[in-house]
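Along the sequence shown, the residues carry numbers beginning at 1. In listed order, ligands and their atoms are each counted from 1. Here the structure is a predicted model, which means the values were calculated and not measured. Side chains included, hydrogens not; waters and symmetry mates left out as well; all remaining heavy atoms used.
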Amino acid sequence: MFKTLDDLDPEQCVLVRLDLNSPVEDGEVQDNRRFDRHAETVRELAEVGHRVVLMAHQGRPGGDDFVSLEQHADILAGHIDRDVGFVADTYGDDATAAIDALEAGEVLLLENTRMCDEELPEEDPEVKADTEFVRTLAEHVDAYVNDAYSAAHRSHASLVGFPLVLPAYAGRVMQTEYEANSAIATREFDGQVTMVVGGTKATDVIDVMNNLGDKVDQFLLGGIAGELFLRAAGNDVGFDLDGMDFFDDQWEANRETIESLLDERGDQITLAVDLAYEDETDDRGEIAVANITEKDRAYLDVGSMTVDEYDPIIRDSEAVFVKGALGLFEDERFAVGTTGVLRAIAETDCFSVVGGGDTSRAIEMYGMDEGDFGHVSIAGGAYIRALTGAPLAGVEALKQD
Ligand SMILES: Nc1ncnc2c1ncn2[C@@H]1O[C@H](COP(=O)(O)OP(=O)(O)O)[C@@H](O)[C@H]1O
Ligand SMILES: O=C(OP(=O)(O)O)[C@H](O)COP(=O)(O)O
(Lines give C-alpha, C1' and ligand atoms only; values in the text may rest on other atoms or scores of the structure.)
(Ligands and ions follow the chains in the order given, each with its own letter.)
Protein backbone atom coordinates (compact mmCIF):
# COMPACT_ATOMS: atom_id res chain seq x y z
CA MET A 1 0.00 0.00 0.00
CA PHE A 2 1.05 3.63 -0.31
CA LYS A 3 2.12 6.01 2.45
CA THR A 4 -0.20 8.89 3.33
CA LEU A 5 0.09 12.39 4.79
CA ASP A 6 0.14 10.76 8.21
CA ASP A 7 3.62 9.45 7.36
CA LEU A 8 5.06 12.78 6.18
CA ASP A 9 7.92 14.34 8.23
CA PRO A 10 7.22 17.87 9.57
CA GLU A 11 8.25 21.14 7.92
CA GLN A 12 8.85 19.79 4.45
CA CYS A 13 8.80 21.49 1.08
CA VAL A 14 6.14 19.30 -0.56
CA LEU A 15 5.43 19.01 -4.27
CA VAL A 16 1.73 18.12 -4.63
CA ARG A 17 0.05 16.92 -7.83
CA LEU A 18 -3.65 17.89 -7.93
CA ASP A 19 -6.25 17.37 -10.65
CA LEU A 20 -7.80 20.79 -11.18
CA ASN A 21 -8.79 20.02 -14.79
CA SER A 22 -12.03 21.98 -15.12
CA PRO A 23 -14.64 23.08 -17.63
CA VAL A 24 -13.65 26.36 -19.33
CA GLU A 25 -16.45 28.56 -20.70
CA ASP A 26 -15.53 31.58 -22.86
CA GLY A 27 -12.04 31.45 -21.39
CA GLU A 28 -13.31 31.38 -17.81
CA VAL A 29 -12.35 28.45 -15.63
CA GLN A 30 -15.42 27.11 -13.83
CA ASP A 31 -15.28 26.33 -10.13
CA ASN A 32 -16.21 22.70 -9.42
CA ARG A 33 -15.93 20.05 -6.78
CA ARG A 34 -12.33 19.17 -7.70
CA PHE A 35 -11.23 22.46 -6.07
CA ASP A 36 -13.31 21.80 -3.01
CA ARG A 37 -11.97 18.27 -2.57
CA HIS A 38 -8.31 19.07 -3.13
CA ALA A 39 -8.62 22.04 -0.76
CA GLU A 40 -8.69 19.55 2.10
CA THR A 41 -5.25 18.17 1.25
CA VAL A 42 -3.73 21.61 0.57
CA ARG A 43 -5.20 23.13 3.74
CA GLU A 44 -3.96 20.26 5.87
CA LEU A 45 -0.41 20.57 4.52
CA ALA A 46 -0.29 24.37 4.85
CA GLU A 47 -1.83 24.45 8.33
CA VAL A 48 0.90 22.26 9.83
CA GLY A 49 3.61 24.45 8.32
CA HIS A 50 4.76 22.66 5.18
CA ARG A 51 5.79 24.74 2.16
CA VAL A 52 3.33 23.65 -0.48
CA VAL A 53 4.15 23.58 -4.21
CA LEU A 54 1.20 22.59 -6.38
CA MET A 55 1.22 21.08 -9.87
CA ALA A 56 -1.84 20.44 -12.03
CA HIS A 57 -2.88 20.29 -15.67
CA GLN A 58 -5.69 21.92 -17.64
CA GLY A 59 -6.97 20.60 -20.97
CA ARG A 60 -4.88 19.07 -23.68
CA PRO A 61 -2.47 20.92 -26.03
CA GLY A 62 -4.44 22.26 -29.00
CA GLY A 63 -7.78 22.27 -27.16
CA ASP A 64 -9.83 25.39 -26.31
CA ASP A 65 -9.55 24.50 -22.63
CA PHE A 66 -5.75 24.29 -22.73
CA VAL A 67 -5.18 27.42 -20.66
CA SER A 68 -2.93 28.80 -17.94
CA LEU A 69 -3.57 27.89 -14.30
CA GLU A 70 -3.61 31.54 -13.18
CA GLN A 71 -7.38 31.50 -12.61
CA HIS A 72 -7.14 28.14 -10.84
CA ALA A 73 -4.89 29.74 -8.19
CA ASP A 74 -7.57 32.34 -7.36
CA ILE A 75 -10.38 29.77 -7.26
CA LEU A 76 -8.37 27.46 -5.01
CA ALA A 77 -7.45 30.35 -2.70
CA GLY A 78 -11.18 30.88 -2.12
CA HIS A 79 -11.53 27.28 -1.01
CA ILE A 80 -8.59 27.21 1.40
CA ASP A 81 -8.96 30.72 2.84
CA ARG A 82 -5.33 31.58 2.24
CA ASP A 83 -3.31 33.02 -0.63
CA VAL A 84 -2.22 30.78 -3.45
CA GLY A 85 0.77 32.26 -5.29
CA PHE A 86 1.06 31.55 -9.01
CA VAL A 87 4.13 31.41 -11.23
CA ALA A 88 3.76 31.17 -15.01
CA ASP A 89 6.50 28.58 -15.33
CA THR A 90 6.59 24.79 -14.95
CA TYR A 91 10.19 24.07 -13.90
CA GLY A 92 12.42 26.89 -15.20
CA ASP A 93 14.31 29.50 -13.17
CA ASP A 94 11.17 31.47 -12.30
CA ALA A 95 9.50 28.34 -10.91
CA THR A 96 12.51 27.19 -8.88
CA ALA A 97 13.14 30.70 -7.52
CA ALA A 98 9.51 30.93 -6.38
CA ILE A 99 9.77 27.51 -4.71
CA ASP A 100 13.01 28.45 -2.92
CA ALA A 101 11.41 31.66 -1.63
CA LEU A 102 8.44 29.88 0.04
CA GLU A 103 7.92 30.26 3.78
CA ALA A 104 6.24 27.74 6.12
CA GLY A 105 2.51 27.50 5.39
CA GLU A 106 2.73 29.25 2.01
CA VAL A 107 1.16 27.78 -1.11
CA LEU A 108 2.41 28.18 -4.69
CA LEU A 109 0.82 26.87 -7.89
CA LEU A 110 3.10 26.17 -10.87
CA GLU A 111 1.96 26.61 -14.49
CA ASN A 112 -0.06 23.92 -16.36
CA THR A 113 2.16 20.80 -16.36
CA ARG A 114 1.08 20.05 -19.95
CA MET A 115 2.86 23.23 -21.08
CA CYS A 116 6.07 21.34 -20.34
CA ASP A 117 7.01 19.08 -23.29
CA GLU A 118 8.24 16.29 -21.04
CA GLU A 119 4.94 15.87 -19.17
CA LEU A 120 3.28 14.11 -22.14
CA PRO A 121 3.27 11.56 -23.78
CA GLU A 122 2.63 8.46 -21.70
CA GLU A 123 5.87 6.61 -20.99
CA ASP A 124 7.27 4.29 -18.33
CA PRO A 125 7.90 5.80 -14.89
CA GLU A 126 11.65 5.23 -15.29
CA VAL A 127 11.66 7.35 -18.47
CA LYS A 128 9.58 10.08 -16.85
CA ALA A 129 11.76 10.07 -13.71
CA ASP A 130 14.76 10.82 -15.89
CA THR A 131 13.32 13.97 -17.51
CA GLU A 132 14.76 17.41 -16.85
CA PHE A 133 11.32 18.47 -15.57
CA VAL A 134 11.29 15.83 -12.82
CA ARG A 135 14.98 16.01 -11.97
CA THR A 136 14.95 19.82 -11.70
CA LEU A 137 11.88 20.15 -9.49
CA ALA A 138 12.96 17.21 -7.31
CA GLU A 139 16.11 19.13 -6.35
CA HIS A 140 14.03 21.97 -4.88
CA VAL A 141 11.57 19.96 -2.75
CA ASP A 142 11.74 17.31 -0.02
CA ALA A 143 8.74 15.12 -0.77
CA TYR A 144 6.05 14.37 -3.35
CA VAL A 145 2.32 13.97 -2.74
CA ASN A 146 -0.04 12.65 -5.41
CA ASP A 147 -3.63 13.71 -4.81
CA ALA A 148 -4.67 13.50 -8.48
CA TYR A 149 -6.58 10.22 -8.42
CA SER A 150 -8.74 11.30 -11.35
CA ALA A 151 -5.65 11.69 -13.56
CA ALA A 152 -3.82 8.65 -12.16
CA HIS A 153 -4.63 6.50 -15.19
CA ARG A 154 -2.15 8.62 -17.17
CA SER A 155 1.54 7.69 -17.14
CA HIS A 156 2.65 11.33 -17.28
CA ALA A 157 5.79 12.78 -15.68
CA SER A 158 4.03 14.67 -12.89
CA LEU A 159 2.13 11.51 -11.93
CA VAL A 160 4.62 8.65 -12.26
CA GLY A 161 8.09 10.25 -12.45
CA PHE A 162 8.41 11.86 -9.02
CA PRO A 163 7.72 8.78 -6.85
CA LEU A 164 10.91 7.25 -8.22
CA VAL A 165 13.10 10.14 -7.11
CA LEU A 166 11.39 11.51 -3.97
CA PRO A 167 9.70 10.09 -0.87
CA ALA A 168 6.10 9.78 -2.11
CA TYR A 169 2.75 9.94 -0.33
CA ALA A 170 -0.95 9.78 -1.22
CA GLY A 171 -3.00 12.91 -0.51
CA ARG A 172 -6.44 12.76 1.11
CA VAL A 173 -8.35 12.75 -2.19
CA MET A 174 -6.14 9.97 -3.57
CA GLN A 175 -6.66 7.93 -0.40
CA THR A 176 -10.46 8.31 -0.29
CA GLU A 177 -11.03 7.78 -4.01
CA TYR A 178 -8.77 4.76 -4.12
CA GLU A 179 -10.49 3.01 -1.25
CA ALA A 180 -14.06 3.67 -2.42
CA ASN A 181 -13.58 3.07 -6.12
CA SER A 182 -11.57 -0.11 -5.72
CA ALA A 183 -14.20 -1.56 -3.39
CA ILE A 184 -16.18 -3.32 -6.08
CA ALA A 185 -13.11 -5.14 -7.33
CA THR A 186 -11.51 -5.80 -3.95
CA ARG A 187 -14.22 -6.01 -1.26
CA GLU A 188 -16.58 -8.84 -0.43
CA PHE A 189 -20.12 -7.64 0.32
CA ASP A 190 -22.51 -9.83 2.32
CA GLY A 191 -25.62 -8.82 0.40
CA GLN A 192 -26.65 -7.84 -3.11
CA VAL A 193 -24.30 -5.65 -5.16
CA THR A 194 -26.09 -3.45 -7.70
CA MET A 195 -24.67 -1.26 -10.43
CA VAL A 196 -26.66 1.50 -12.11
CA VAL A 197 -25.38 1.90 -15.65
CA GLY A 198 -26.26 4.78 -17.97
CA GLY A 199 -24.83 7.89 -19.57
CA THR A 200 -23.76 8.48 -23.14
CA LYS A 201 -20.43 6.66 -23.23
CA ALA A 202 -21.95 3.24 -23.73
CA THR A 203 -18.70 1.64 -24.86
CA ASP A 204 -17.05 2.43 -21.51
CA VAL A 205 -19.83 1.06 -19.37
CA ILE A 206 -20.42 -2.05 -21.45
CA ASP A 207 -16.75 -2.81 -20.94
CA VAL A 208 -17.28 -2.44 -17.19
CA MET A 209 -20.30 -4.77 -17.30
CA ASN A 210 -18.34 -7.33 -19.26
CA ASN A 211 -15.55 -7.28 -16.67
CA LEU A 212 -17.68 -7.19 -13.55
CA GLY A 213 -20.22 -9.91 -14.16
CA ASP A 214 -18.98 -11.96 -11.20
CA LYS A 215 -18.87 -9.05 -8.79
CA VAL A 216 -22.27 -7.49 -9.49
CA ASP A 217 -25.60 -9.21 -8.84
CA GLN A 218 -27.83 -6.74 -10.69
CA PHE A 219 -27.18 -4.18 -13.40
CA LEU A 220 -29.95 -1.56 -13.72
CA LEU A 221 -29.76 0.04 -17.13
CA GLY A 222 -30.71 3.41 -18.56
CA GLY A 223 -29.30 6.17 -20.78
CA ILE A 224 -27.76 5.36 -24.14
CA ALA A 225 -26.30 2.06 -22.91
CA GLY A 226 -29.75 0.98 -21.77
CA GLU A 227 -31.25 1.70 -25.17
CA LEU A 228 -28.57 -0.35 -26.91
CA PHE A 229 -29.45 -3.32 -24.72
CA LEU A 230 -33.16 -2.79 -25.44
CA ARG A 231 -32.35 -2.71 -29.14
CA ALA A 232 -30.40 -5.98 -28.84
CA ALA A 233 -33.41 -7.46 -27.06
CA GLY A 234 -35.49 -6.72 -30.17
CA ASN A 235 -37.06 -3.32 -29.43
CA ASP A 236 -37.26 -0.44 -31.93
CA VAL A 237 -35.05 1.89 -29.89
CA GLY A 238 -31.38 2.83 -29.80
CA PHE A 239 -31.19 4.07 -33.36
CA ASP A 240 -29.72 7.46 -34.22
CA LEU A 241 -32.54 9.67 -35.39
CA ASP A 242 -31.86 12.75 -37.51
CA GLY A 243 -29.06 14.84 -36.02
CA MET A 244 -28.06 12.32 -33.33
CA ASP A 245 -24.82 10.39 -33.19
CA PHE A 246 -25.04 8.51 -29.92
CA PHE A 247 -25.98 5.08 -31.10
CA ASP A 248 -24.82 3.75 -34.44
CA ASP A 249 -21.06 3.66 -33.85
CA GLN A 250 -21.49 2.37 -30.32
CA TRP A 251 -23.89 -0.29 -31.61
CA GLU A 252 -21.34 -1.48 -34.16
CA ALA A 253 -18.58 -1.48 -31.55
CA ASN A 254 -20.55 -3.31 -28.87
CA ARG A 255 -23.23 -5.35 -30.54
CA GLU A 256 -21.52 -8.72 -30.03
CA THR A 257 -20.67 -7.99 -26.40
CA ILE A 258 -24.20 -6.82 -25.66
CA GLU A 259 -25.73 -9.89 -27.27
CA SER A 260 -23.47 -12.27 -25.39
CA LEU A 261 -24.07 -10.40 -22.10
CA LEU A 262 -27.83 -10.71 -22.62
CA ASP A 263 -27.40 -14.33 -23.53
CA GLU A 264 -25.13 -15.38 -20.69
CA ARG A 265 -26.05 -12.95 -17.93
CA GLY A 266 -29.57 -11.92 -18.84
CA ASP A 267 -30.84 -12.64 -15.32
CA GLN A 268 -28.38 -10.10 -13.91
CA ILE A 269 -29.48 -7.34 -16.29
CA THR A 270 -32.64 -5.31 -15.72
CA LEU A 271 -33.77 -3.15 -18.62
CA ALA A 272 -36.19 -0.24 -18.66
CA VAL A 273 -39.85 -1.21 -19.10
CA ASP A 274 -40.83 2.30 -20.19
CA LEU A 275 -39.10 5.34 -21.67
CA ALA A 276 -39.73 9.09 -21.68
CA TYR A 277 -39.70 11.53 -24.60
CA GLU A 278 -40.62 15.11 -25.45
CA ASP A 279 -44.22 15.15 -26.68
CA GLU A 280 -45.95 17.51 -29.16
CA THR A 281 -46.61 20.07 -26.43
CA ASP A 282 -43.01 19.93 -25.16
CA ASP A 283 -44.08 18.00 -22.06
CA ARG A 284 -42.68 14.72 -20.84
CA GLY A 285 -44.45 11.79 -22.47
CA GLU A 286 -43.95 8.17 -21.46
CA ILE A 287 -44.44 4.93 -23.35
CA ALA A 288 -44.11 1.29 -22.34
CA VAL A 289 -41.25 -0.37 -24.21
CA ALA A 290 -43.65 -3.15 -25.22
CA ASN A 291 -45.76 -0.57 -27.09
CA ILE A 292 -42.90 0.91 -29.12
CA THR A 293 -43.41 -0.24 -32.70
CA GLU A 294 -41.52 2.36 -34.72
CA LYS A 295 -38.14 4.00 -34.43
CA ASP A 296 -39.49 7.52 -34.67
CA ARG A 297 -38.40 9.18 -31.44
CA ALA A 298 -35.42 10.04 -29.28
CA TYR A 299 -35.90 8.77 -25.74
CA LEU A 300 -34.44 11.02 -23.09
CA ASP A 301 -35.10 9.19 -19.83
CA VAL A 302 -36.33 5.93 -18.41
CA GLY A 303 -40.03 6.04 -17.47
CA SER A 304 -41.74 6.12 -14.07
CA MET A 305 -42.63 2.41 -14.12
CA THR A 306 -38.94 1.64 -14.57
CA VAL A 307 -38.06 3.81 -11.57
CA ASP A 308 -40.66 1.90 -9.55
CA GLU A 309 -38.95 -1.36 -10.55
CA TYR A 310 -35.41 -0.14 -9.83
CA ASP A 311 -36.28 1.46 -6.48
CA PRO A 312 -36.84 -1.74 -4.41
CA ILE A 313 -33.81 -3.43 -5.98
CA ILE A 314 -31.65 -0.54 -4.77
CA ARG A 315 -33.26 -0.54 -1.33
CA ASP A 316 -32.48 -4.27 -0.99
CA SER A 317 -28.84 -3.80 -1.92
CA GLU A 318 -25.82 -3.94 0.33
CA ALA A 319 -23.75 -1.90 -2.12
CA VAL A 320 -24.71 0.30 -5.08
CA PHE A 321 -22.31 1.71 -7.66
CA VAL A 322 -23.51 4.31 -10.17
CA LYS A 323 -21.88 4.90 -13.55
CA GLY A 324 -23.75 7.23 -15.84
CA ALA A 325 -27.09 9.02 -15.71
CA LEU A 326 -30.36 7.28 -16.66
CA GLY A 327 -31.53 10.26 -18.68
CA LEU A 328 -30.87 13.81 -19.80
CA PHE A 329 -31.17 15.00 -16.19
CA GLU A 330 -29.92 18.52 -16.96
CA ASP A 331 -33.46 19.05 -18.29
CA GLU A 332 -35.81 18.72 -15.33
CA ARG A 333 -38.41 16.89 -17.42
CA PHE A 334 -35.95 14.06 -17.98
CA ALA A 335 -34.39 13.85 -14.52
CA VAL A 336 -36.93 11.38 -13.12
CA GLY A 337 -34.81 8.26 -13.68
CA THR A 338 -31.52 9.69 -12.42
CA THR A 339 -32.97 11.45 -9.37
CA GLY A 340 -35.19 8.44 -8.64
CA VAL A 341 -32.27 6.04 -8.26
CA LEU A 342 -30.10 8.61 -6.49
CA ARG A 343 -32.85 9.33 -3.94
CA ALA A 344 -33.33 5.60 -3.30
CA ILE A 345 -29.59 5.28 -2.65
CA ALA A 346 -29.55 8.37 -0.41
CA GLU A 347 -32.44 7.03 1.66
CA THR A 348 -30.85 3.66 2.39
CA ASP A 349 -27.69 2.96 4.33
CA CYS A 350 -26.03 0.79 1.70
CA PHE A 351 -22.40 1.32 0.75
CA SER A 352 -22.61 3.58 -2.30
CA VAL A 353 -20.32 5.16 -4.84
CA VAL A 354 -21.53 7.64 -7.45
CA GLY A 355 -18.99 8.26 -10.20
CA GLY A 356 -18.59 10.27 -13.36
CA GLY A 357 -18.40 14.02 -13.45
CA ASP A 358 -21.76 14.54 -15.13
CA THR A 359 -23.81 12.10 -13.11
CA SER A 360 -22.57 13.33 -9.76
CA ARG A 361 -23.61 16.86 -10.77
CA ALA A 362 -27.23 15.71 -10.50
CA ILE A 363 -26.76 15.41 -6.72
CA GLU A 364 -26.27 19.13 -6.19
CA MET A 365 -28.57 20.17 -9.06
CA TYR A 366 -31.53 18.47 -7.39
CA GLY A 367 -30.76 19.49 -3.83
CA MET A 368 -29.57 16.13 -2.55
CA ASP A 369 -26.98 15.94 0.19
CA GLU A 370 -23.60 14.51 -0.78
CA GLY A 371 -23.30 13.23 2.79
CA ASP A 372 -26.11 10.74 2.12
CA PHE A 373 -23.88 8.88 -0.32
CA GLY A 374 -20.90 6.73 0.66
CA HIS A 375 -18.62 8.38 -1.85
CA VAL A 376 -19.14 10.78 -4.74
CA SER A 377 -16.16 10.41 -7.05
CA ILE A 378 -14.56 13.32 -8.92
CA ALA A 379 -13.03 10.88 -11.39
CA GLY A 380 -14.30 9.78 -14.82
CA GLY A 381 -11.83 7.61 -16.73
CA ALA A 382 -9.95 6.58 -13.59
CA TYR A 383 -13.24 5.53 -11.93
CA ILE A 384 -14.11 3.33 -14.92
CA ARG A 385 -10.73 1.64 -14.73
CA ALA A 386 -10.93 1.15 -11.00
CA LEU A 387 -14.34 -0.48 -11.37
CA THR A 388 -12.86 -3.11 -13.64
CA GLY A 389 -9.92 -3.66 -11.29
CA ALA A 390 -7.42 -2.28 -13.81
CA PRO A 391 -4.30 -0.72 -12.21
CA LEU A 392 -3.78 3.05 -12.39
CA ALA A 393 -0.22 4.06 -13.32
CA GLY A 394 -0.09 6.89 -10.78
CA VAL A 395 -1.31 4.68 -7.95
CA GLU A 396 1.10 1.88 -8.83
CA ALA A 397 3.99 4.35 -8.85
CA LEU A 398 3.04 5.51 -5.33
CA LYS A 399 2.87 1.94 -4.06
CA GLN A 400 6.42 1.29 -5.23
CA ASP A 401 7.95 3.98 -3.10
N1 LIG B 1 -31.22 9.13 -23.15
C2 LIG B 1 -30.31 10.09 -23.12
N3 LIG B 1 -30.21 10.97 -24.12
C4 LIG B 1 -29.29 11.96 -24.08
N5 LIG B 1 -28.41 12.14 -23.08
C6 LIG B 1 -28.45 11.28 -22.06
C7 LIG B 1 -29.40 10.22 -22.02
N8 LIG B 1 -29.20 9.54 -20.88
C9 LIG B 1 -28.18 10.13 -20.24
N10 LIG B 1 -27.73 11.19 -20.93
C11 LIG B 1 -26.63 12.11 -20.57
O12 LIG B 1 -25.54 11.39 -20.10
C13 LIG B 1 -24.68 12.27 -19.41
C14 LIG B 1 -23.82 11.52 -18.44
O15 LIG B 1 -23.19 10.59 -19.19
P16 LIG B 1 -21.66 10.22 -19.14
O17 LIG B 1 -20.87 11.37 -19.63
O18 LIG B 1 -21.53 8.93 -19.81
O19 LIG B 1 -21.46 9.98 -17.64
P20 LIG B 1 -20.51 10.62 -16.62
O21 LIG B 1 -20.14 12.01 -17.06
O22 LIG B 1 -21.31 10.61 -15.42
O23 LIG B 1 -19.32 9.73 -16.61
C24 LIG B 1 -25.60 13.26 -18.76
O25 LIG B 1 -25.09 14.55 -18.97
C26 LIG B 1 -26.96 13.02 -19.42
O27 LIG B 1 -27.54 14.20 -19.92
O1 LIG C 1 -10.56 15.22 -16.20
C2 LIG C 1 -9.90 14.18 -16.26
O3 LIG C 1 -10.41 12.99 -16.62
P4 LIG C 1 -11.99 12.62 -16.75
O5 LIG C 1 -12.54 13.45 -17.89
O6 LIG C 1 -11.96 11.15 -17.08
O7 LIG C 1 -12.63 12.91 -15.43
C8 LIG C 1 -8.46 14.13 -15.88
O9 LIG C 1 -8.00 15.40 -15.53
C10 LIG C 1 -7.60 13.53 -16.98
O11 LIG C 1 -7.60 14.37 -18.09
P12 LIG C 1 -7.20 13.79 -19.53
O13 LIG C 1 -8.29 12.83 -19.94
O14 LIG C 1 -7.06 14.98 -20.45
O15 LIG C 1 -5.89 13.06 -19.36
- Query: Angle class for the F35/H79 ring planes (parallel below 30°, perpendicular above 60°, tilted otherwise)?
  - Reply: parallel
- shortest atom 24 (C) of ligand 1-to-protein heavy-atom contact is with E330 OE2, 3.5 Å
- Task: For atom 16 (P) of ligand 1, find the nearest protein heavy atom and state the residue, atom name and distance (0.1 Å precision).
- Result: T200 N, 3.8 Å
- Message: If we only consider heavy atoms of F334, is any one of them less than 4.0 Å away from an atom in ligand 1?
- Response: no
- Item | Non-hydrogen atom of G380 closer than 4.0 Å to ligand 1 | no
- Note on the structure: Nearest heavy-atom approach of G355 to S377 is CA-CB, 4.0 Å
- Task: Taking only Lys NZ, Arg NE, NH1 and NH2, and the carboxylate oxygens of Asp or Glu, determine whether E278 and R333 approach each other closer than 4.0 Å.
- Result: yes
- Query: Can a cation-pi geometry be assigned to R17 and Y144, taking NZ or CZ under 6.0 Å from the six-membered ring centre and within 45° of the ring axis?
  - Reply: no
- Considering only non-hydrogen protein atoms, determine which one is nearest to atom 3 (N) of ligand 1 and report residue, atom name and distance to 0.1 Å. I224 CD1, 3.8 Å
- Task: Mark yes or no: K295 above the aromatic ring of F239, with NZ or CZ under 6.0 Å from the six-membered ring centre and no more than 45 degrees from the axis.
- Result: yes
- Query: Does R60 count as lying over the ring of F66, i.e. NZ or CZ under 6.0 Å from the six-ring centre, within 45 degrees of the axis?
  - Reply: no
- Task: Answer yes or no on whether R187 is positioned over the face of F351, meaning its NZ or CZ is under 6.0 Å from the six-membered ring centre and within 45° of the axis.
- Result: yes
- Please state which protein non-hydrogen atom is closest to atom 22 (O) of ligand 1 and give its distance, to 0.1 Å? T359 OG1, 2.4 Å
- Quick one: does K323 get within less than 4.0 Å of ligand 1, heavy atoms only? yes
- Sole residue of E119, K128, R114 in side chain to side chain donor-acceptor pair (under 3.5 Å) with S158: E119
- Query: When you check the gap from the basic side-chain N to the acidic O, do R51 and E103 get nearer than 4.0 Å?
  - Reply: no
- Message: Taking the basic N atoms (NZ, or NE/NH1/NH2) and the acidic carboxylate oxygens, is any pair closer than 4.0 Å for R297 and E286?
- Response: no
- Item | K201-ligand 1 polar pair, N/O distance under 3.5 Å | yes
- Message: Test your reading of the structure: does Y299 have an N or O sitting under 3.5 Å from an N or O of ligand 1?
- Response: yes
Just the distances, no angles: every ligand 2 N or O to protein N or O pair closer than 3.5 Å, one line each.
unit_1, atom_1, unit_2, atom_2, d
ligand 2, 1 (O), N21, ND2, 3.1
ligand 2, 1 (O), R34, NH1, 2.9
ligand 2, 1 (O), R34, NH2, 3.3
ligand 2, 6 (O), G381, N, 2.7
ligand 2, 7 (O), R34, NH2, 2.9
ligand 2, 7 (O), G380, N, 3.2
ligand 2, 9 (O), D19, OD1, 3.1
ligand 2, 9 (O), D19, OD2, 2.8
ligand 2, 9 (O), N21, ND2, 3.2
ligand 2, 9 (O), H57, NE2, 3.0
ligand 2, 11 (O), H57, NE2, 3.4
ligand 2, 13 (O), R60, NH2, 2.6
ligand 2, 13 (O), R154, NH2, 2.8
ligand 2, 14 (O), R60, NE, 2.8
ligand 2, 14 (O), R60, NH2, 3.3
ligand 2, 14 (O), R114, NH1, 2.9
ligand 2, 15 (O), R114, NH2, 2.8
ligand 2, 15 (O), R154, NE, 2.6

